[in-house]
Structures are given as C-alpha cells and as structure tokens.
Amino acid sequence: MNHHPIGIFDSGIGGTSVWKEIAAMMPLEDTLYLADSRNAPYGERTGDEIIALSVKNTEWLLSKQCKIIVVACNTATTNAIAYLRDHYPLPFIGIEPAIKPAALHSQTGTVGVLATKGTLASRLFSTTSKNHASHIRIVEQEGAGLVSLIESGRMDSVETRELLKKYLLPMLDANMDHLVLGCTHFPYLMPLLREFLPDHIKIIDCGEAVARQTFKLVRDSEQLSDQGRPGRHTFFTNADPGVLNDILDSLPGIKEVSYLDF
Ligand code: DGL
C-alpha cells in the first residue's frame, strides 16, 4: 500500500481529459495535477525544450512525493519520456497517438492523426507508425493554434471552428474512417468533431486506456491506496486558473485548484 498521490502533468489543461479517467477508475487514489500552462503550447517547442520542461515538472511532482507520474501530454511523452525513464527511478506512464488500434480496425485503410507539430516530428511517433501502421495510409495533421484556443477556453469559437474544418478536410478527402486524437487537449473539441464528422468515423481518444494502464501498474506494484475516504484531487497551474476551474466544475469529485508561480 502507498498513500502518496499519483502525479500527473501536462503543458496545460488538456491532461484533465486523462485525469478524469484515472479519478473515475481509481476513486480512492489522491492525485496531484500540474498544468504548465504558462509554457504551452509545448508542441511548438524544440525537443530539448520539451525535455527541460518535462524534467522541471517531474522534479516538482517528485518533491511532493508522488508515487508514479502520468505524463498526460502526447508531446511530452513522445519527446521526453525516454529521458525521464532513464533519469528517474519511479515509474512513468505516457500517452501517445493510438495509431495501432486505429490501423488494426480501419476498413478504408486510411487513418487521420490530429496532433501537435512536436508529436508528429518525434522519433517515437515515426517508430510507432512504422511498426504498427505501415500497411495503411496515415494522414497527419498538425493542429496548429488549437491548443492555445482551448487553453483560453475557446473550445467552440468561430476561430476554433474554422481551424478544425480546415484540418479535417484533407483527412475526409482521403476517406479516413478513424480519427486519432493525438493531443490530450483535443477531447475538449469532441462536440465540434462530432458535428463536423460523419457518424461512421470513429474518434479515438486513449485517456481511458492510459487510466487502465495506470491502475494495473499501481495495483501490480502493490501501491494502491486506501485511506478509508475518497481520493483528494489537487491541481496547480501557473496561469489564470479560470479555465481549469470551469473544466473541473463540469467533472465529478472534490477538487482544489491553486495558482503556483512555477
Ligand atoms: N496536451 C498536449 C499534448 O497532448 C498539448 C501539447 C502542447 O502544449 O502543444 O500534446
């Protein structure tokens, strides 16, 4: 048994789409979430910058004695998780675009991936594509501008709608039947995506799969917590907490959000 919290970080609020699955699957666990919104979007940064920011986030979560760290950011996972695993003794769980299940189930042989520039340019993404999806066509689309819009709470603005339509068009033209969300911010675009995409197109978000993996890891290493009360969820952000508060208000559980000069 280990009563220390599960640490989670993202470049901002997007990782809450993973946090909510973890909190639902592991209701007795305390969680500590770090939103590095001041430095978002990570996807526009170099690999070295993403590693440096991921190290800073990890060090902070370690100082709070987290028992494991979930890197709830595709960009940080694809660019920095190997470094983190090499340099820190605790387990890391990451998230990367779920190309494998999409490639496995595609009938049209075309899969769309909407992700950040940093994710699409990463070595991990190209290795995963080569290993698991070489038999299908992947239409990669960088979601430039979307993370910043979501960070400022504009999940359904004129600008968001226009960008999204523009990004989806080449994938639709190529006859994709699966759209992989390769950024943890993008599940917050689900209402728009469902509005713009025909019903037969499956949208893949692997937040739940990451939660399942987290649960297994904590259980198998005998680190589950049971303090005889529901888990406590503490969030820290280094930007205006307004949007984070709004998102969390719509999700179940008791949470506390604080500003951190980080
Ligand atoms: N949530 C991050 C991801 O999954 C967004 C990256 C960014 O800040 O550009 O990639």
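Positions are given from 1 along the sequence. As the structure lists them, so they are numbered: ligands from 1, and atoms in each ligand from 1. Values in this document were obtained by computation on a predicted structure and should not be read as measured data.
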Within a distance under 4.0 Å of any heavy atom of Tyr42, pick out the atoms of ligand 1 and give their elements. 7 (C), 8 (O), 9 (O)
Consider side-chain hydrogen bond (donor to acceptor under 3.5 Å, both in side chains). Of Asn79, Thr75, Asn74, which one does Thr119 pass it with? Thr75
Of the protein's non-hydrogen atoms, which lies at the shortest distance from atom 9 (O) of ligand 1, and what is that distance? Gly43 N, 2.7 Å
Side-chain donor/acceptor of Thr234 to backbone N/O of Leu32, under 3.5 Å: no
Check each atom of ligand 1 against the heavy atoms of Ser11 and keep those under 4.0 Å away; list them by number with element. 2 (C), 5 (C), 6 (C), 7 (C), 8 (O)
Heavy-atom contact check, 4.0 Å cutoff: does Gly12 meet ligand 1? no
Report yes or no: is the cationic atom of Lys255 (NZ for Lys, CZ for Arg) closer than 6.0 Å to the six-membered ring centre of Phe235, at no more than 45° off its axis? no
Let me see the working for Lys202 and Asp177 under salt bridge (charged side-chain N to carboxylate O under 4.0 Å, His left out), right down to the final yes or no. CA-CA 6 Å; Lys202 195 162 178 342; Asp177 60 359; over 6 Å; no
Would you mind running through ligand 1 and noting each atom that sits below 4.0 Å from a heavy atom of Pro41? 7 (C), 8 (O), 9 (O)
Indicate yes or no: at least one non-hydrogen side-chain atom of Ile8 is less than 4.5 angstrom from one of Ile6. yes
Is Glu44 close to ligand 1, meaning an N/O of one under 3.5 Å from an N/O of the other? no
Just go through Thr116, Thr184, Leu53, Thr75 and tell me whose heavy atom is the nearest to atom 1 (N) of ligand 1. Thr184
Out of curiosity, Asp36 CG to Ile13 CD1, how far, rounded to the nearest 0.5 Å? 13.0 Å
Can you list the ligand 1 atoms lying under 4.0 Å from a non-hydrogen atom of Asp10? 1 (N), 2 (C)
